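Single-structure report; data block below.
Lettering follows sequence order; numbering is per chain, from 1. Just so it is clear, the model here is predicted, and its values are computed rather than measured.
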Amino acid sequence: DAGITQSPRYKITETGRQVTLMCHQTWSHSYMFWYRQDLGHGLRLIYYSAAADITDKGEVPDGYVVSRSKTENFPLTLESATRSQTSVYFCASNTGTGGYTFGSGTRLTVV
Amino acid sequence: RKEVEQDPGPFNVPEGATVAFNCTYSNSASQSFFWYRQDCRKEPKLLMSVYSSGNEDGRFTAQLNRASQYISLLIRDSKLSDSATYLCVVTLSNAGNMLTFGGGTRLMVKP
């Protein structure tokens, strides 16, 4: 299906484990973004990518790693999950101008 | 000071009422402006772009005041389905394509 999809929708993991959140878009948009949303903080940018093999840090990158080997995929990895990374994670994409289209989000709980 | 500030609300209004939200931004060189809508921590969805001349989309009117650095959203004839959180969003001149989100204003429309 066309659009932007995130997986999994829900994830519970233990402190210290590595976990990867997937994001896939079918529009060939050049830009992709990862945000986290927490009560009291709104949406905060973690990492973004302007094109395949080009990534850059956002406002809150510590503890996260991204890669972009293909235009359509932009996975986000928590190398060693901490409880403070419990959040809702949204992936988004756009062509380089205008607003974003967001995925449905991944609700991650770190116990 | 946050880059994009909004009154978190909630704004509680009866059906049929007119309600207005304001948003202020700190960077005078901000270039693009948007209103997004978010329901119950689902993904944010683009409601409308905001243009300097003001623009209208059905019951929704957006205004931009560059001199005072604020953006407004007016909703006329409120519907129950308008209940949501409204996010003010800007792009900063030195941030390429990245959007910066306000914390959101919650609207509750009551019968």
Side-chain angles (χ1 to χ4, degrees), chain A residues 3-7 9-10 21 23-25 27 29-51 54-61 66 68 74 86-109, chain B residues 1-10 21 23-27 30-52 55 57 60 62 64 71 73 84-107:
Chain A
I4 182 165
T5 55
Q6 292 183 236
S7 62
R9 290 295 304 274
Y10 302 91
L21 310 184
C23 180
H24 174 79
Q25 52 106 352
W27 296 302
H29 284 170
S30 54
Y31 280 83
M32 295 187 75
F33 307 84
W34 274 106
Y35 283 83
R36 62 178 287 175
Q37 187 173 35
D38 306 286
L39 288 173
H41 288 282
L43 281 152
R44 293 182 291 174
L45 182 65
I46 305 170
Y47 268 96
Y48 69 102
S49 169
I54 300 174
T55 62
D56 211 342
K57 296 177 180 179
E59 180 185 356
V60 288
V66 293
R68 187 120 180 253
F74 190 39
T86 293
S87 187
V88 181
Y89 291 85
F90 289 106
C91 178
S93 73
N94 81 345
T95 60
T97 59
Y100 298 172
T101 301
F102 284 85
S104 299
T106 294
R107 282 150 182 79
L108 175 68
T109 301
Chain B
R1 182 185 173 187
K2 291 183 180 178
E3 293 177 18
V4 182
E5 295 205 62
Q6 296 181 250
D7 181 343
F21 310 134
C23 159
T24 59
Y25 59 94
S26 59
N27 190 325
S30 296
Q31 295 182 325
S32 301
F33 308 89
F34 308 92
W35 283 102
Y36 275 72
R37 171 192 169 130
Q38 187 174 27
D39 295 283
C40 296
R41 300 196 87 194
K42 292 186 177 179
E43 73 271 25
K45 294 184 178 179
L46 179 64
L47 180 66
M48 57 197 305
S49 300
V50 186
Y51 304 116
S52 296
N55 48 298
D57 183 1
F60 299 83
L64 169 63
I71 307 155
L73 178 68
T85 297
Y86 291 84
L87 304 170
C88 175
V89 185
V90 306
T91 60
L92 303 179
S93 62
N94 62 347
N97 187 42
M98 286 186 288
L99 300 185
T100 299
F101 289 79
T105 297
R106 189 172 174 204
L107 172 65

Which atoms of [X] approach chain B - backbone, side chain, both or neither, heavy atom under 4.5 Å:
X	answer
A/R44	neither
A/D56	neither
A/L45	side chain

When A/A50, A/G42, A/S104 are compared by non-hydrogen pairs under 4.5 Å with chain B, the top option: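 Between A/A50, A/G42, A/S104, the count favours A/S104.
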Return the option, out of B/G103, B/P44, B/S32, with the maximum number of heavy-atom pairs under 4.5 Å with chain A. B/P44
Rounded at 0.5 Å granularity, tell me how far CD in B/E43 sits from CD in A/Q37.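 Answer rounded to 0.5 Å: 11.0 Å.
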Interatomic distance, OH@A/Y31 vs CG@B/L99, rounded to 0.5 Å, equals 11.5 Å
Could you check if a side-chain atom of B/Q38 sits within less than 4.5 angstrom of a side-chain atom of A/F102, using non-hydrogen atoms only?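 With C-beta onward as the side chain, the pair stays apart.
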Does the gap between the ring centers of B/F101 and A/Y35 come in under 6.0 Å? yes
In sequence, state the C-alpha distance, the side-chain angles, and the governing distance for A/Y100 and B/F34, and then conclude on side-chain contact (heavy atoms from CB on, under 4.5 Å). CA-CA 10 Å; A/Y100 298 172; B/F34 308 92; over 6 Å; no
Enclosure of A/R107 CZ (heavy-atom neighbours >12, cutoff 6.0 Å): yes
